[in-house]
There are 2 protein chains.
Amino acid sequence: MPDQHSTLRAQRRAETQRAIQAHAVRLFVERGYDATTVIDVAEAAGVSPMTVYRHFPTKEDLVLVDQYGRLLAERITASPAARPLVRRVGNALVDSATALTRSGTTGDLTPEGRFLLARLRLMISTPALRAKHLDNQYALQQAIVGALGEEAAEPDAAFHAQAAASACLAAMHTALVRWAEDEGRADLADLVRKALVAAFGDGILDG
Amino acid sequence: MPDQHSTLRAQRRAETQRAIQAHAVRLFVERGYDATTVIDVAEAAGVSPMTVYRHFPTKEDLVLVDQYGRLLAERITASPAARPLVRRVGNALVDSATALTRSGTTGDLTPEGRFLLARLRLMISTPALRAKHLDNQYALQQAIVGALGEEAAEPDAAFHAQAAASACLAAMHTALVRWAEDEGRADLADLVRKALVAAFGDGILDG
DNA sequence: ACCTCAGTGGTAGTCACTACCATGTCGGTA
DNA sequence: TACCGACATGGTAGTGACTACCACTGAGGT
């Protein structure tokens with residue numbers, strides 16, 4: 001069974017990766033990003049420095065790598081193409097925020113939410129992380145615009161698409177920063193909704 | 001005359017800095033950013049590597065440092081505070097674009113415009129430069145929002161201000177990218193105007 | 001003539017990251 | 001059961017960005 005083979009390997013690999021990232025973020029929070037070397041992270045995780053680099057191409061990726069960016073992009077491209085772009089993006093943002101931070105029953109932060117909060121604080125306060133994070137967001141913006149296809153072929157349409165996509169992502173970013181400053185007490189999905197309404201008016205939201 | 005003293009010193013320093021940056025950008029364009037070391041730049045400029053670092057804190061700043069960011073910020077904060085933010089920012093962007101790229105009489109690109117074009121292409125194509133450039137833009141956004149003072153104290157107003165400022169800067173960025181892709185043939189101020197209109201409608205522009 | 005100090009150069013070191021090769025170990029196969 | 005292959009990992013040696021510390025020089029101002 002080659003399926004099970006690769007599956008087990010992948011699980012093993014994913015677990016190692018998760019452990020390395022968890023130790024990295026913990027150390028970065030405790031000692032600061034710049035004051036922590038990749039060797040420190042490797043020792044804490046019980047692996048060699050080379051293994052760290054095998055799982056994370058750069059030190060920044062120890063904080064920035066997550067599944068949510070790809071998940072968000074999939075969610076956006078999977079939404080009905082007939083609807084306006086800002087609604088598609090807006091709903092994907094709100095849905096993701098809800099799923100990621102609160103458990104439905106208790107309303108408390110999920111462990112993933114707490115981890116995201118720690119990573120966000122690092123991203124906001126550390127210049128190197130902030131810069132690369134913004135570049136990732138810009139790449140997502142280009143992916144969103146690219147998903148429009150020929151719709152954005154002419155200059156004017158392209159300007160519109162870039163403006164709409166960047167405004168969506170800026171709204172998300174503003175909401176994330178506010179959420180992090182608030183220590184995660186506010187509801188992230190709510191903040192995203194408010195930021196989107198502030199940028200585009202009430203029309204974006206469903207229901 | 002302590003004035004002349006510091007003035008002459010500053011001129012000397014500024015000239016060295018300009019020469020280093022010119023050689024750096026030329027080499028980056030010729031050989032590529034990653035394939036060019038700071039030592040290469042230092043040798044080309046006829047100075048020691050340490051002198052390069054004295055004038056530019058990081059290798060990225062060899063491409064990113066310019067006076068226009070500060071100039072733009074001053075222009076924005078100097079504009080009448082009574083007017084809407086997007087109009088203030090928009091007019092400052094259009095004015096700066098006009099001043100920086102075309103001579104009034106011939107309509108050709110100024111040397112500064114050609115230099116800006118080369119730097120822009122590097123910023124767009126090199127990940128490290130793009131990331132730090134986006135972080136600089138984000139810092140400018142925060143400065144713009146900060147210039148609003150208590151106007152943006154409440155959450156809702158802050159969301160509005162962040163959304164407006166980021167949309168302005170995204171419009172500028174879109175125009176700059178389009179201008180660079182067009183090899184500088186189009187009129188930058190025109191592109192900025194079109195991007196602003198695409199984002200906000202006709203209302204932003206004066207006259 | 002002397003002093004000051006900004007601008008510059010040298011040396012040695014840290015750290016992120018890479019290329020190349022060796023090892024082990026686990027899953028599938030004869 | 002004995003073997004094989006492939007992937008995850010470890011080691012070594014290097015490059016390049018960047019810093020800390022100290023020394024020199026030359027152009028002001030007294």
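A note on names: the letters A, B, ... follow the listed sequences, proteins ahead of strands, and every chain is numbered from 1.
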*Considering residues at least two apart in sequence or located in another chain, which fulfil the side-chain contact (heavy atoms from CB on, under 4.5 Å) criterion with Thr36(A)?*
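side-chain contact (heavy atoms from CB on, under 4.5 Å) list for Thr36(A), sorted by chain: Leu27(A), Phe28(A), Arg31(A), Asp40(A), Val41(A).
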*In chain order, what residues pass the side-chain contact (heavy atoms from CB on, under 4.5 Å) check against Val38(A), with sequence neighbours excluded?*
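Scan of Val38(A) (side-chain contact (heavy atoms from CB on, under 4.5 Å), adjacent residues dropped) gives Val52(A), Tyr53(A), Lys59(A).
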_Taking salt bridge (Lys or Arg N to Asp or Glu O under 4.0 Å) as the definition, give me every residue that meets it alongside Arg18(A), ordered by chain and number, with sequence neighbours left out._
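Applying salt bridge (Lys or Arg N to Asp or Glu O under 4.0 Å) to Arg18(A) gives Glu15(A).
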Separation of atom [atom1] in [X] from atom [atom2] in [N], rounded to whole Å:
X	N	atom1	atom2	answer
Arg13(B)	dC5(C)	CZ	P	17 Å
Gln11(A)	dC7(D)	CD	P	18 Å
Leu62(B)	dG16(D)	CG	P	16 Å
Phe28(A)	dC15(C)	CZ	C1'	13 Å

Tabulate below the donor-acceptor pairs under 3.5 Å that side-chain atoms of residues 184-191 of chain B make, not counting sequence neighbours, or state none.
unit_1: Asp187(B); atom_1: OD2; unit_2: Asp190(B); atom_2: N; d: 3.1
unit_1: Asp190(B); atom_1: OD1; unit_2: Arg193(B); atom_2: NH2; d: 3.2

*Are Met172(B) and Leu72(B) side-chain neighbours, meaning at least one heavy-atom pair lies under 4.5 Å?*
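They are in side-chain contact.
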Identify every side-chain donor-acceptor pair in residues 155-170 of chain B under 3.5 Å, counting partners at least two apart or on other chains, and give the distances.
unit_1: His160(B); atom_1: ND1; unit_2: Asp156(B); atom_2: O; d: 3.3
unit_1: His160(B); atom_1: NE2; unit_2: Ala198(A); atom_2: O; d: 3.2
unit_1: Gln162(B); atom_1: OE1; unit_2: Gln141(B); atom_2: NE2; d: 2.8
unit_1: Ser166(B); atom_1: OG; unit_2: Gln162(B); atom_2: O; d: 3.3
unit_1: Ser166(B); atom_1: OG; unit_2: Ala163(B); atom_2: O; d: 3.2

Return a table of donor-acceptor pairs under 3.5 angstrom between the side chains of residues 117-132 of chain B and protein atoms on other chains or two or more places apart.
unit_1: Arg119(B); atom_1: NE; unit_2: Val63(B); atom_2: O; d: 2.7
unit_1: Arg119(B); atom_1: NH2; unit_2: Val63(B); atom_2: O; d: 3.3
unit_1: Arg119(B); atom_1: NH2; unit_2: Asp66(B); atom_2: OD2; d: 2.8
unit_1: Arg121(B); atom_1: NH1; unit_2: Glu183(B); atom_2: OE1; d: 2.9
unit_1: Ser125(B); atom_1: OG; unit_2: Arg121(B); atom_2: O; d: 2.9
unit_1: Thr126(B); atom_1: OG1; unit_2: Leu122(B); atom_2: O; d: 3.1
unit_1: Arg130(B); atom_1: NE; unit_2: Asp135(A); atom_2: OD1; d: 2.7
unit_1: Arg130(B); atom_1: NH1; unit_2: Ile124(B); atom_2: O; d: 3.0
unit_1: Arg130(B); atom_1: NH2; unit_2: Asp135(A); atom_2: OD2; d: 3.2
unit_1: Lys132(B); atom_1: NZ; unit_2: Thr58(B); atom_2: OG1; d: 3.2

*Within residues 16-26 of chain A, find the residues that approach DNA chain C with a heavy atom at under 4.0 Å, and present them sorted by residue number.*
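Contacts with DNA chain C under 4.0 Å: none.
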*Looking at residues at least two apart in the chain, or sitting in another chain, which of them share a ring pair (Phe, Tyr, Trp, His ring centres under 6.0 Å) with Phe115(A)?*
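Phe115(A): no ring pair (Phe, Tyr, Trp, His ring centres under 6.0 Å) contacts found.
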*Under 4.0 Å from any atom of DNA chain D, heavy atoms only: list the residues of residues 32-56 of chain B that qualify, in numerical order.*
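Those residues whose heavy atoms fall under 4.0 Å from DNA chain D, taken from residues 32-56 of chain B in numerical order, are Thr36(B), Thr37(B), Val38(B), Met50(B), Tyr53(B).
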